[in-house]
Amino acid sequence: MDNAFLPGPQYPRGVVRGRTEREMDSRPTPGGPFALLSVSALTVRVGRSTVLDRVSFSAARGVTLAIVGPNGAGKTTLLRALLGRVPYTGRIAWNGSVRIGYVPQKLVDTDIPLSVEELLSLKCPGDYGACLAMVGLGPGTLDRQIGTLSGGEVQRVLIAWATVDRPDVLLFDEPTANVDVGSEDTIFSAVRRVQTETGTTVFLVTHDLHEIHHYADRVLVLDHHVVFEGAVAELFRDPRLVAETFGLRAGEELPFEVGAHR
Amino acid sequence: MTGEPLLSLATAAAVGFGAGYVGSLMVVRRMALVGDALSHVALPGLALGILFGFDPFLGAFVFVLGAAFLTWFIERSTHLAVDAVVGVLFVLALAVGVLLTPNPDLLEALFGDVRGVGLLATLASIALAAGVVAVTRLIYRSMVLSVISEDLAASAGVRVELVSLVYLVLVSVVVAVGVQVVGTLLVGALVIVPAAAAKTLGTNLTRYAVLSAVFGVVSSLGGTALSFAWGITAGPLVVVLGVTVFLVSWGFAAVRRRRAGDAEGARPV
């Protein structure tokens, strides 16, 4: 997956070959022996505009990294680059063979006669009942058509889908953007349970201050380039950066007490 | 032209099964109208075959395949609205095809004549339909995942672009083979109508795909049998029978929904 010495945009090899198992990078991953992912000078251009501009960061195993920034900052593009869905220059190096589970913001089309059990079986064989139980859904959900599920149920089914083969990494693209208020906690406790049981590393694209404060360990603030990378507590110690990143008005206070839930 | 009825019926059944099965993916991809327009492109290919003395169905296949590649390219590489481009280009193909086709053959090219097929054409149709069904089965999972989310499919290792291209080749083969049964004007219906009918009844993917293939056989085989009995062209009969199956399925689904609603209402709170 080393693109540094190749001219022009390249697709990461794992995905182009139709495999989710990433190739082993022969060189040591920068960011220490525990780093799972090291991204350096990642650049993605769409037409004439540069969506990601020399983005560099690393992530350790088992952490939850929140990826935040304004609309159009390149957050989803970053996830898609990690999935190998966009051509890029720069380097994306996974430490060893990594299986990725992806949870999109929403499904493009659900008007398909497809049951939840069939959707899960399209990924791999497994104990789907146990998988749904982990995200708080009963076995009755298996026979339901995906078009009849609520936004929150779809998200939980997608988490079950992403975790059914015990991935090393979970990529979440605004998992609570399309769900009812109140479903967020259910969704994140499901993610937590999965993370605790499997030691999964989570990349979470979000706009939500609460989610970052309650569920993330580290934050990457993106606005085409990296504005900030560090621990959540570190971000909240910088009120000006928090205000800029989340569009808070001057003097507006955070809607929770920093550090209260961590 | 009337040949051996058994050969015609076997061809119709094979084509109906293949078209119904392949069409089930076309309907979930929301490509029903693209599929219909695509089928019209077969006409200039047929015309060239008739004019220059090579197999007209080979001409039809090459033209539909070319059109399928063009659709795929427009879909993947440009920001053009595919339906508008397809609508314009493919209607042009139909017009050019009508101008090129010699008059005595025009009616057969437009509406098909399965009653005239020989042994070789029947065997070729059965082999092609079987091949198309086998390959469609292989890519069914990948296609369904791509429809619900291309990124989701890619995360599961699906090569989205490649699978979509393979699918368009399969549609081209089915259309070229189906032209014998229902002609270039109506072959789109052979692909779309059975799947539309199955979708009203399908509660899961397996049931939907199987029903779509079965409805394809029922309309294609039934229409051809009626054409022998009544001495008229099979194409329109196949389509009318297919739409009848659709209406019956739709009515059946509506009754089932109403009953389910009543049962829900009667449940103690």
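Only this structure's heavy atoms are used, side chains among them; waters, hydrogens and symmetry mates stay out. Source: prediction; values computed, not measured. So that the names make sense, note that chain A is the first sequence line, chain B the second, and so on, each numbered from 1.
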Other residues, nucleotides, ligands: >12 heavy atoms within 6.0 Å of A/Arg45 CZ: no

Whether over 12 other heavy atoms sit under 6.0 Å from B/Arg256 CZ: yes

Check: B/Thr206 main-chain N/O paired with A/Glu118 side-chain donor or acceptor under 3.5 Å: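 Such a contact is found between A/Glu118 side chain and B/Thr206 backbone.
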
Side-chain touch [X]/[Y], heavy atoms, less than 4.5 angstrom:
X        : Y        : value
A/Arg85  : B/Val160 : yes
B/Leu205 : A/Ile112 : yes
B/Val28  : A/Asp111 : no
A/Leu122 : B/Tyr140 : no

Residue part contacting chain B, namely of A/Leu171, when any heavy atom lies under 4.5 Å: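 A/Leu171 has no heavy atom closer than 4.5 Å to chain B.
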
Within this structure, what is the [atom1]-[atom2] distance for the pair [X] and [Y], rounded to the nearest 0.5 Å?
X        : Y        : atom1 : atom2 : answer
A/Leu170 : B/Ser155 : CG    : OG    : 10.0 Å
A/Leu119 : B/Asn204 : CG    : CG    : 13.0 Å
B/Leu145 : A/Trp161 : CG    : CH2   : 4.5 Å

Proximity breakdown for B/Glu161 and chain A, heavy-atom pairs closer than 4.5 Å: side chain

Taking every non-hydrogen atom, the tightest pair across B/Asp151 and A/Leu83: O-CD1, 4.1 Å

Top contributor to chain A contacts, counting heavy-atom pairs under 4.5 Å, from B/Val147, B/Val27, B/Leu152: B/Leu152

Winner by heavy-atom pair count (cut-off under 4.5 Å) against chain B, out of A/Lys123, A/Gln145, A/Arg144: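 When all of A/Lys123, A/Gln145, A/Arg144 are compared, A/Gln145 has the most.
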
